[in-house]
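Presented below is the structure to which this report refers.
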Amino acid sequence: MDIRNKFLPYALPLIEEDEINEVIDTLKSCWITTGPKTKLFEEKFKEYIGAKHAIALNSCTAGLHLSLVASNIKAGDEVITTPFTFCATVNVIEHVGATPVLVDIDEKTFNIDVNKIEAAITEKTKAIMPVHFAGQSCEMDKINEIAKKHNLLVIEDAAHTIGAEYKGRKTGQDSYSCSYSFYATKNLTTAEGGMVVTNNDELAEKLRILSLHGISKDAWKRYTSEGNWHYEVIYPGFKYNMTDIQAALGLCQLKKLDRFNDTRAKYARMYDEILGEISGIILPKECMPGKMVWHLYCIRLKEACRNEFIEKLKQKNIGTSVHFIPIHKHPYYRDKYGYKTGDFPVTDKVFEGLVSLPLYPLMTEEDVKYVAGCVAEQFKTCKSS
Ligand SMILES: *Cc1c(COP(=O)(O)O)cnc(C)c1O
């Protein structure tokens, strides 16, 4: 893509002929909602992660929500997570009536600061929801150790980390509950979609039932030759199932995921090289033992010129974004919980100069060099103005 004359958004999906053909095949098969392709996608995804169960859903948000519901987390309970995440992580805690308890982040990884978790635990705490930020795993050894000691569940938000590793194991591989997002901007996309992975048989069964109205067995099969018109609702469940049109995309994308992630890593290294020289810009760092899958490339500008910088890049046809506006700054959460400046000093400090640069496999190396060049140039001018 030649972006010098064309706007380059901060993220774009990479959809090729095989995805298009697979979707057409699904449409022609007349099985368009949850069916054989969704089941196959679950099998392939579970194999890829190395976990025991995978349940395909219409979003990552659904995976997080269902995991809380299925774990019987409810009003009066507390769930620990971080303010440095997309609102979905915290919204689902509100949905079940529980209270989110925010713990500040680590300045290097932007992940939850494991040294501050224990101080936030009370007798009401039921779970920790770590968010693996930008494609880098949280310090799971420590989080699992704390959870075990205090008898808490760990419900992971892996929206950014499809294929990431921590100490040689994939994110989700050993998890109680780990949810991935296949939203249009994520490392693997089904337009909208998600997957929840678990190694707990009982949780898997509950998630499956809850994801389709709370209907007891294999609800999706009721219109097949093996199916039966009779069913029983055993819980007022949700409508969170994935369609075969989405799964068709997912099956193709999963085959390319490692290639996509390698390209992201290569582009991240290119940014590192070109921007590494500039003092005043803090670059993202891979710090965890394992493999980061570079969902985002978030730089921090030391000078207070972020808005001007974003505007200047836009004039150069470069789209950027900011991940994320911290939870405690959103009116609903700020007003409900009375958060004050200084409650989460590291998050506030990181947020101040934060910008996400474009990073995705549809970009060419030329695009990456162009963006990096403009970033360097604009940073100089906004520093001097
Ligand atoms: C994208 C995202 C989600 C939500 O994913 P959906 O599939 O859109 O529900 C949740 N958490 C984080 C950190 C995200 O970036």
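Each ligand, and each atom within it, is numbered from 1 in the order the structure gives. In what follows, every heavy atom counts, from backbone to side chain, and hydrogens, waters and symmetry copies are set aside.
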Please confirm whether [X] and [Y] have ring centers closer than 6.0 angstrom.
{"X": "Phe344", "Y": "Tyr339", "result": "yes"}
{"X": "Tyr360", "Y": "Tyr297", "result": "no"}
{"X": "His323", "Y": "Tyr10", "result": "yes"}

Check your understanding: Are any of the N or O atoms of Cys60 closer than 3.5 Å to those of ligand 1?
Key -> yes
Exercise for review: Tell me, please: is Ala62 in heavy-atom contact with ligand 1, that is, under 4.0 Å?
Suggested key: no
Review point. Is ligand 1 less than 4.0 angstrom away from at least one heavy atom of Phe324?
Key: yes
Considering only the protein, which heavy-atom contact is closest to [atom], and what is its distance?
{"atom": "atom 10 (C) of ligand 1", "answer": "Asp157 OD2, 3.5 Å"}
{"atom": "atom 7 (O) of ligand 1", "answer": "Ser181 OG, 2.7 Å"}
{"atom": "atom 15 (O) of ligand 1", "answer": "His160 NE2, 2.7 Å"}
{"atom": "atom 1 (C) of ligand 1", "answer": "Lys186 NZ, 1.6 Å"}

Exercise for review: Kindly indicate whether a cation-pi arrangement holds for Lys170 with Tyr48, taking the cut-offs as under 6.0 Å to the six-membered ring centre and within 45° of the axis.
Suggested key: yes
Exercise for review: Decide whether a cation-pi geometry holds between Arg300 and Phe110; the criteria are a distance under 6.0 Å from NZ or CZ to the six-membered ring centre and an angle within 45° of the ring axis.
Suggested key: no
Point to revise | Candidate pair Lys126 and Ile73, rule side-chain contact (heavy atoms from CB on, under 4.5 Å), full reasoning | key: CA-CA 7 Å; Lys126 289 286 152 56; Ile73 291 170; 4.0 Å; yes
Point to revise | Closest to atom 12 (C) of ligand 1 (judged by heavy-atom distance), picking from Ala184, Ala159, Gly63, Gly194 | key: Ala159
Practice item. Using a strict cut-off of less than 4.0 Å between a Lys/Arg side-chain nitrogen and an Asp/Glu carboxylate oxygen, indicate whether Lys37 and Asp25 qualify as a salt bridge. Key: yes
Practice item. Under 4.0 Å from a heavy atom of Thr85: give me the atoms of ligand 1 that qualify, with their elements. Key: 13 (C)
Practice item. Under 4.0 Å from a heavy atom of Gly193: give me the atoms of ligand 1 that qualify, with their elements. Key: 7 (O)
**Study point:** ligand 1 contact on Thr61 by region, counting heavy-atom pairs under 4.0 Å
**Key:** both
Check your understanding: Among side-chain atoms of Asp157 and Thr89, is any donor-acceptor pair under 3.5 angstrom?
Key -> yes
